[in-house]
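Values in this document were obtained by computation on a predicted structure and should not be read as measured data.
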Amino acid sequence: TSKTGIKHKTGTISLTRNEPGSATSDFFICASDQPYLDAHPGETGDNQGFAAFGHVVSGMEVVKKILAMHTSKTAPIPAMKGQMLDPPVPIVSMKRL
């Protein structure tokens, strides 16, 4: 967020990561403001934030329907337990504006 200036507000699209520099392909959409995910350079510790790179411009009602779906009670990574949609929702299309 310190490079893009995009803050984690409702509708922001951002990459997941474990530690700085480890983001690859998993992303999430903020369903509400999440300022703790923004970079905070003046603070101690891992303060780099998550890589916010876009914003939902239409279709937040679909995001909220997805958020209300059932999640799996198991996960390949224990930290993801209860966070994986069951069944998964395929992304049919998205585009860069």
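Atom NZ of residue K64 and atom CD1 of residue I29 lie 12.0 Å apart, to the nearest 0.5 angstrom. Going from atom OG1 of T10 over to atom CG of D33 covers 4.5 Å, rounded to the nearest 0.5 Å. To the nearest 0.5 Å, atom CE of residue M60 and atom CD1 of residue I66 are 10.0 Å apart.
Of the possible donor and acceptor atoms, none in the side chain of T16 sits under 3.5 Å from a partner among the backbone N and O of F27. With hydrogens and angles ignored, the 3.5 Å screen pairs no side-chain donor or acceptor of S72 with any backbone N or O of D86.
T12 places none of its side-chain heavy atoms less than 4.5 Å from the side chain of F50.
Considering every non-hydrogen atom in both K81 and K73, the closest pair reads CE-O, 3.1 Å. Of all non-hydrogen atoms in P35 and H40, the two that sit nearest each other are O-NE2, 3.2 Å. What you find for R17 and S22 is that their closest heavy atoms are CB-OG, 3.5 Å. Residues Q48 and A39 share a closest heavy-atom pair of O-CB, 3.3 Å. Across every non-hydrogen atom of F53 and I6, the tightest pair is C-CD1, 3.7 Å. Considering every non-hydrogen atom in both L15 and F28, the closest pair reads O-CE2, 3.6 Å.
I77 and M84 fall within the same hydrophobic cluster, where Ile, Leu, Val, Met, Phe, Trp and Tyr residues are linked whenever their side-chain heavy atoms come under 4.5 Å apart, directly or through other members. Two different hydrophobic clusters hold V63 and V89 under the rule that ILVMFWY side chains link at heavy-atom gaps under 4.5 Å. Residues I91 and M69 fall into different hydrophobic clusters, defined by Ile, Leu, Val, Met, Phe, Trp and Tyr side chains chained together at heavy-atom separations under 4.5 Å. Note on L67 and I13: separate hydrophobic clusters, where clusters join Ile, Leu, Val, Met, Phe, Trp and Tyr whose side-chain heavy atoms are under 4.5 Å apart, directly or indirectly.
Residues H8 and D38 bring a donor and an acceptor atom of their side chains to less than 3.5 Å of each other.
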